[in-house]
Amino acid sequence: MALRLYNTLSGKVEEFQPMNNNEVRMYVCGPTVYDYGHIGNFRTFVAVDVLRRFLRQSGYTVHHVMNITDVDDKIIHNAAHAGLSVQQYTAKYEKAFLEDAATLNIEQPILVRATEHIPEMAQFVADLEKKGFAYRAEDGSYYFRIAKFPGYGKLSKKDFAGMEDGARVDVDDYDKDNARDFALWKAPKPGEASWETPIGRGRPGWHIECSVMSMQQLGETFDLHAGGEDLIFPHHENEIAQSESMTGKPFVRFWFHARFLLVEGEKMSKSLGNFFTLRDLVLKGHKPSSIRFLLASVPYRNQLNFTFDGLKQAAVSVERLRNFQSRLDTGQFPQGASEQMTELARDTLKRFWSGMEDDLNTAQAQAAIFDMVRKGNAAIDAGQLKRDDAAALLDVLERFDQIFAVLEDDETEKMKKILNWAKSEKREKDVSNTLLQTMEAQELSDAGIEQKIAEMENARRSRNFQSSDAIRAELMAAGIVVENTKDGVRWKRK
RNA sequence: GGCGCGGUACCCAAGUGGCUAAGGGAGAGGUCUGCAAAACCUUUAUGCGUCGGUUCGAUUCCGACCCGCGCCUCCA
């Protein structure tokens with residue numbers, strides 16, 4: 001059994017085997033740091049994170065590299081508008097992106113930045129020109145000659161053969177030999193950021209950074225290259241053209257693309273008012289774990305409809321898993337193991353795993369876990385769960401969470417950071433009461449809460465229910481839920 | 001216009017040429033419970049966009065149509 005993964009290049013689901021036994025070398029196209037990351041960006045990065053974690057859980061050592069695009073037209077434009085240097089401008093958004101990724105429990109890959117590889121890129125362009133794949137235009141820009149690369153279009157399944165003669169040529173593209181030729185290197189326009197290099201002054205085109213940095217980090221041919229579906233063309237098609245022209249070898253074995261999401265049933269766009277950054281959602285009071293759970297629960301190749309209702313549902317689902325985990329953790333169970341539960345743990349893990357192996361079918365994998373939760377809860381209710389069973393079920397839950405990463409309950413700290421950020425950015429008006437209430441619950445110390453609960457328990461023991469209910473209500477108002485179980489009192493922050 | 005993906009219950013969302021069409025949420029009823037929370041049980045698609053076709057049999061394959069979405073010059 002092994003992971004079967006859809007490969008955009010072949011258009012088929014294939015068995016994934018890395019080139020070197022236990023090592024996977026993968027590259028993901030990272031963010032262009034010109035603004036805060038939105039929920040669509042994070043769908044892709046969560047999908048890649050799930051892939052990365054699953055590969056690691058499968059026993060591979062994963063070399064995972066991600067680029068930061070820190071120079072492009074939009075950055076140059078926005079930076080100038082803000083009166084900042086490109087570097088000052090991008091530093092802010094790169095930091096924000098990495099914080100947001102951490103908020104969503106996305107493990108950080110090895111980072112490489114475009115602006116830190118300018119000489120290598122210039123060299124790459126020079127070499128491509130030497131080999132006849134690139135040419136210099138009159139203004140000092142360099143273009144890739146796609147006519148020289150017969151495989152052009154193989155990733156995006158486009159046939160460019162018939163388009164060469166008689167193809168329309170845009171008036172402003174008079175510099176290019178063919179309208180489809182793409183920029184490797186851009187000559188500077190007045191006031192734009194540029195670098196002095198042996199091929200002249202200028203800045204890299206968009207695609208070149210990924211070819212140069214990925215091959216530098218991972219070799220001329222590597223296992224996996226990921227990104228959003230929009231990158232298939234032209235970005236990844238162009239990367240293939242540049243890289244394979246340079247080395248004469250296959251560039252990437254598996255191409256992995258995450259599908260775009262919809263927000264409230266529509267394409268996300270600023271004009272529709274359904275454009276949300278991660279921070280927007282947290283300020284509205286949604287927990288990072290709910291967001292991650294929702295993003296991860298629809299398989300990456302399917303369109304995901306991201307809705308606020310769905311976010312609420314995800315929160316409850318995560319809560320259900322956490323409740324079960326806590327029940328297993330704190331419950332008192334008799335020694336030993338039961339055959340049914342041992343089998344349940346084994347079967348669940350198997351189902352979970354085969355769901356994941358089936359092109360990362362996270363919905364299927366999740367269903368196995370929820371089945372286990374129901375059966376496990378029922379066994380506890382019936383008094384049939386033994387101590388070793390609890391450990392076995394907890395272990396399965398742990399395996400699930402090493403990939404989904406939603407059970408760890410330390411979110412208030414993350415949310416607080418975002419709250420503080422909102423204050424520093426003068427965005428207090430966007431802070432919801434839900435978030436404030438969650439934060440309030442955090443203000444109470446564990447000791448303070450336990451003190452209150454002790455008072456409540458005393459009142460209950462002396463059957464002074466009026467008093468105990470008052471304390472319960474008070475705690476509830478502060479976002480603390482107290483549960484009285486036959487194994488004792490348990491409480492949690494909501 | 002070209003290429004591609006999808007339309008499954010109130011919502012989100014898997015899946016299959018024929019056994020009861022996963023799972024989660026929501027609603028209803030019940031069990032437990034001083035209350036609350038959690039949990040469990042029952043219940044909610046004779047039906048899988050529409051219409052044809054192939055087949056002993058289709059939600060699953062094929063065709064047409066309707067709707068949604070993506071790519072086709074830098075949006076994840």
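Proteins get letters first, then strands, A, B, ... in listed order; numbering begins at 1 in each. Since this is a predicted model, take the numbers as computed values, not measurements.
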Report yes or no: does A:E229 contribute a side-chain atom to a donor-acceptor pair with the main-chain N or O of A:F260 at less than 3.5 Å?
yes
Say you pick atom [atom1] in [N] and the same atom in [M]; how far apart are they, in whole Å?
N: B:A45; M: B:C62; atom1: C1'; value: 25 Å
N: B:G52; M: B:C66; atom1: C1'; value: 15 Å
N: B:C65; M: B:G1; atom1: P; value: 11 Å
N: B:G29; M: B:G4; atom1: C1'; value: 47 Å
N: B:U8; M: B:U46; atom1: P; value: 15 Å
N: B:C32; M: B:A21; atom1: P; value: 32 Å
N: B:U60; M: B:G18; atom1: P; value: 11 Å
N: B:A9; M: B:C5; atom1: P; value: 22 Å

Check: B:G23 base within 3.5 Å donor-acceptor of A:Q366 side chain
no
Under the 3.5 Å rule, do the base of B:C12 and the side chain of A:Q313 count as making a donor-acceptor pair?
no
Is A:F260 stacked on the base of B:A76, with ring centres under 5.5 Å apart and planes under 30° apart?
yes
Quick one, A:K375 with A:E343, criterion salt bridge (Lys or Arg N to Asp or Glu O under 4.0 Å). Give me CA distance, side-chain angles, the key distance, then yes/no.
CA-CA 11 Å; A:K375 289 180 180 144; A:E343 203 172 306; over 6 Å; no
Ring geometry between A:W353 and A:F54 (parallel below 30°, tilted from 30 to 60°, perpendicular above 60°)
tilted
Aromatic ring pairing A:F45/A:F97, orientation class (parallel under 30°, perpendicular over 60°, tilted between)
perpendicular
Any heavy-atom pair between the side chains of A:C210 and A:H236 that's under 4.5 Å?
no
Side chains of A:I453 and A:W491: closer than 4.5 Å at any heavy-atom pair?
yes
Checking B:A76, B:G15, B:G70 against the side chain of A:K267 (C-beta onward), the nearest is B:G70
Looking at B:C11, B:A22, B:G68, which one has an atom nearest to any side-chain atom of A:A363?
B:A22
Find the distance [X]:[atom1] to [N]:[atom2] and express it as a whole number of Å.
X: A:F182; N: B:C74; atom1: CZ; atom2: P; value: 14 Å
X: A:L360; N: B:A14; atom1: CG; atom2: C1'; value: 15 Å
X: A:D70; N: B:C74; atom1: CG; atom2: C1'; value: 15 Å
X: A:F400; N: B:G23; atom1: CZ; atom2: C1'; value: 12 Å
X: A:D49; N: B:A76; atom1: CG; atom2: C1'; value: 15 Å
X: A:H236; N: B:C72; atom1: NE2; atom2: C1'; value: 17 Å
X: A:D35; N: B:A76; atom1: CG; atom2: P; value: 10 Å
X: A:E209; N: B:C74; atom1: CD; atom2: P; value: 16 Å

Does A:K148 make a cation-pi contact with A:F133 (under 6.0 Å, within 45 degrees of the axis)?
yes
Taking distance alone, no hydrogens or angles, what donor-acceptor pairs closer than 3.5 Å link side-chain atoms of residues 302-315 of chain A to residues at least two apart or in another chain?
| from | atom 1 | to | atom 2 | distance (Å) |
| --- | --- | --- | --- | --- |
| A:N305 | OD1 | A:E264 | N | 3.4 |
| A:N305 | OD1 | A:G265 | N | 2.7 |
| A:T307 | OG1 | A:G310 | N | 2.8 |
| A:D309 | OD2 | A:Q313 | NE2 | 3.0 |

Heavy atoms of other groups near A:K284 NZ, more than 12 under 6.0 Å
no
Answer with base, sugar-phosphate or nothing: what part of the nucleic acid does [X] contact at a heavy-atom distance below 4.0 Å?
X: A:I369; value: nothing
X: A:H207; value: nothing
X: A:K186; value: base
X: A:G310; value: nothing
X: A:P31; value: nothing
X: A:K312; value: nothing
X: A:L262; value: sugar-phosphate

A:F233 or A:G227, whichever maps to the more 5' nucleotide of RNA chain B:
A:F233
Whichever of A:D371 and A:S297 has its nearest RNA chain B nucleotide further upstream toward 5'
A:S297
With sequence neighbours left out, what residues match A:Y152 under ring pair (Phe, Tyr, Trp, His ring centres under 6.0 Å)?
A:F160
Just jot down the ring pair (Phe, Tyr, Trp, His ring centres under 6.0 Å) partners of A:F149, sequence neighbours excluded, or say none.
none
Secondary-structure string, 5' to 3', Watson-Crick or G-U under 3.5 Å, | for another-strand partners, for RNA chain B
(((((((..(((.....[....)))((((((.......))))))....(((((..]....))))))))))))....
Any side-chain donor near an acceptor of the partner, A:N377 and A:R327, under 3.5 Å
yes
With a 3.5 Å cut-off and no angle check, do the side chains of A:N238 and A:R180 form a donor-acceptor pair?
no
In B/S/- notation (B base, S sugar-phosphate only, - none; protein heavy atoms under 4.0 Å), nucleotides 31-42 of chain B written 5' to 3' is ---BBBBSSSS-
Quick one: closest heavy-atom pair of A:D401 and A:E408, and the distance?
OD2-N, 4.0 Å
Anything under 3.5 Å between a protein N or O and an N or O of nucleotides 3-10 of chain B, put it in a table, one pair a line.
| from | atom 1 | to | atom 2 | distance (Å) |
| --- | --- | --- | --- | --- |
| B:C5 | O2' | A:R259 | NH1 | 3.1 |

